[in-house]
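All figures in this text were calculated on a predicted structure; none of them were measured in a lab. Here is the naming used below: chain letters follow the sequence lines, and residue numbers restart at 1 for every chain.
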Amino acid sequence: MPELPEVETVVRALSPLIEGRTLRHIKRADAPDGPKYLGLSRAAGQRIKTLTRRGKFILMHLSGGDTGIIHLGMTGTLSPSKPADHIRVIMSFSDGDPGAIYFRDPRRFGRFIVTEGDDYSMLPTLAAMGPEPFDPTFTPASFAAACGQRTTGIKALLLSQRVVAGLGNIYVDEALWQARVHPDSPSRAIGKARLRALHKAIIEILTRAIAARGTTLRDYRQVDGGSGGFGASLVVYGHKGGYCPRCDGPFTTASIAQRTSTWCERCQIRRGL
DNA sequence: CGAGTGCCCTGACAGC
DNA sequence: TGCTGTCAGGGCACTC
């Protein structure tokens with residue numbers, strides 16, 4: 001559930017708490033390392049230089065040159081106060097306050113991997129990640145070029161992270177509605193005008209969602225436990241059975257790209273324009 | 001290599 | 001009340 005705005009909100013809150021501090025211990029709380037939890041012990045003794053975000057991944061840049069990579073999955077949270085249950089990783093610090101950061105993840109979709117240097121090969125999605133939506137290289141022209149090469153439906157393409165980083169099910173549906181593009185449009189069949197509109201909608205919606213500190217549906221929480229404020233601004237996501245505020249057409253809900261999708265069949269078109 | 005499918009996992013919720 | 005069944009979905013392994 002955490003998508004780019006939620007992860008960005010977490011990074012902004014967490015950075016001042018941990019940047020510049022040295023990790024004393026870092027360990028799994030409930031089980032030995034598995035494929036989703038690798039190399040944690042490498043990070044012990046290293047200082048966290050900076051905390052950044054790439055798509056939905058959180059990157060801890062360590063003084064020894066290694067990188068701690070955290071993905072919150074569906075239900076992951078990072079918190080300075082100790083959760084009651086489902087703690088997966090504990091990072092403790094040599095001194096200072098807070099004394100530790102807890103990674104909680106009830107549904108176990110999250111990951112926490114410490115790599116040597118910046119070797120992302122064990123995380124293929126991160127390794128093949130498209131441009132950040134706010135990066136100057138993400139332009140209408142570059143977006144159109146990337147879409148023009150693919151036969152996949154636009155929703156599947158956006159969820160793949162390869163054309164632009166950070167979108168998940170919520171913001172994809174919102175951006176497609178705003179740009180009047182059908183989620184099942186073959187990406188190369190979308191006309192220039194709507195591709196341009198979609199590029200703009202992606203940036204606009206993510207900007208607004210970050211300003212609202214993300215969307216809280218069920219699980220996502222800010223570092224301080226608070227909820228995100230973007231939920232009231234959602235037009236299509238979660239509005240199954242509702243009506244389009246633009247044309248009054250009934251919303252359609254069905255599975256597209258293995259995700260529950262809601263759209264307006266009347267004003268979101270499949271090809272052209 | 002691109003495209004499509006199944007799986008992981010557990011809490012929330014609906015229905016009986 | 002308490003049980004059962006369904007749903008939520010990001011990323012990855014796997015197949016064709």
Side-chain angles (χ1 to χ4, degrees), chain A residues 1-8 10 28-31 33-38 53-59 69-78 83-89 103-113 115 119-130 132-133 145-176 183-189 202 206 209 214-221 227-228 231 234 236-241 253-263:
Chain A
M1 193 94 45
E3 303 180 29
L4 188 151
E6 293 76 31
V7 177
E8 178 68 22
V10 168
R28 278 214 75 178
D30 60 327
D33 283 8
K36 294 183 176 182
Y37 295 87
L38 290 173
R53 179 192 57 71
R54 182 78 175 95
K56 304 173 201 171
F57 291 85
I58 297 169
L59 305 179
I69 304 167
I70 304 165
H71 197 292
L72 299 174
M74 295 285 298
T75 56
T77 55
L78 290 161
D85 53 10
H86 303 308
I87 300 170
R88 306 301 173 203
V89 176
F103 180 46
R104 175 179 190 263
D105 183 24
R107 224 177 289 182
R108 300 175 191 264
F109 274 57
R111 289 176 161 71
F112 199 140
I113 287 170
T115 67
D119 172 20
Y120 300 156
S121 57
M122 69 286 287
L123 295 158
T125 300
L126 179 58
M129 183 90 58
E132 287 292 317
C147 290
Q149 293 173 340
R150 311 296 183 118
T151 57
T152 325
I154 185 67
K155 175 158 183 173
L157 186 61
L158 293 175
L159 289 175
S160 78
Q161 312 296 303
R162 297 167 71 96
V163 168
V164 61
L167 293 170
N169 201 36
I170 298 173
Y171 298 112
V172 164
D173 272 14
E174 294 299 316
L176 289 170
D184 222 6
S185 303
S187 69
R188 66 181 180 189
I202 289 167
L206 293 175
T215 302
T216 296
L217 294 173
R218 298 174 194 82
D219 306 294
Y220 162 70
R221 285 293 180 275
S227 298
L234 297 176
V236 281
Y237 182 88
H239 287 253
K240 177 180 182 178
T253 294
S255 181
I256 291 178
Q258 275 76 253
R259 296 291 174 265
T260 300
S261 308
T262 300
W263 71 94

Subject >> Earlier contact from the 5' end, DNA chain B, for Q149(A) and R259(A) >> reply: Q149(A)
Original post:
Closer than 4.0 Å, any side-chain N/O of T260(A) to the OP1 or OP2 of dA8(C)?
Top reply: yes
**OP:** Please determine if a side-chain N or O atom of R107(A) lies less than 4.0 Å away from the OP1 or OP2 oxygen of dA8(C).
**Re:** no
**OP:** Could you pull out the closest heavy-atom pair between S187(A) and I154(A), with the gap in Å?
**Re:** CB-CD1, 4.0 Å
**OP:** Find the distance D184(A):CG to dA3(B):C1' and express it as a whole number of Å.
**Re:** 13 Å
**OP:** Output the single nucleotide from dC12(C), dG10(C), dG9(C) whose closest atom is nearest the side chain of L123(A).
**Re:** dC12(C)
**OP:** May I ask you to say what P124(A) touches in the nucleic acid, namely base, sugar-phosphate or nothing, with a heavy-atom cut-off under 4.0 Å?
**Re:** sugar-phosphate
Subject >> Sugar-phosphate only, base, or nothing, as touched by T151(A) at under 4.0 Å among non-hydrogen atoms >> reply: sugar-phosphate
Original post:
When the distance from CE of M74(A) to C1' of dG11(B) is rounded to whole Å, what number comes out?
Top reply: 11 Å
Original post:
Where the side chain of Q258(A) is defined as all heavy atoms beyond and including C-beta, which of dC9(B), dT5(B), dG2(B) is the nearest nucleotide?
Top reply: dT5(B)
Subject >> Nucleotide of dG11(B), dG4(B), dC9(B) approaching F109(A) most closely (side-chain heavy atoms) >> reply: dC9(B)
Original post:
Q161(A) near the nucleic acid: base, sugar-phosphate alone, or nothing, with a heavy-atom cut-off under 4.0 Å?
Top reply: sugar-phosphate
Original post:
Distance check: side-chain N/O of H86(A) vs OP1/OP2 of dT10(B), anything under 4.0 Å?
Top reply: no
Subject >> Protein-nucleotide distance (L167(A), atom CG; dG11(C), atom P), rounded to Å >> reply: 11 Å
Original post:
Distance from R111(A) atom CZ to D105(A) atom CG, nearest 0.5 Å?
Top reply: 10.5 Å
Original post:
Do NZ/NE/NH1/NH2 and the carboxylate oxygens of E3(A) and K56(A) come within less than 4.0 Å?
Top reply: no
Subject >> Length of the CE-P vector between M122(A) and dA13(C), whole Å >> reply: 12 Å
Subject >> Separation of atom OH in Y171(A) from atom P in dG10(C), rounded to whole Å >> reply: 12 Å
Original post:
Could you give the CD1-to-C1' distance, from I58(A) to dG11(C), as a whole number of Å?
Top reply: 16 Å
Subject >> Distance, nearest 0.5 Å, that separates CH2 of W263(A) from CG of L176(A) >> reply: 11.0 Å
**OP:** Consider the side chain of K56(A), meaning its heavy atoms from C-beta on, and name the nucleotide among dA8(C), dC9(B), dG10(C) that approaches it most closely.
**Re:** dG10(C)
Original post:
Atom OH of Y37(A) to atom P of dC9(B): distance rounded to whole Å?
Top reply: 11 Å
Subject >> From CD1 (I70(A)) to CD1 (I113(A)), nearest 0.5 Å >> reply: 11.0 Å
**OP:** Please state how far atom CG in N169(A) lies from atom C1' in dG10(C), giving the value in whole angstrom units.
**Re:** 10 Å
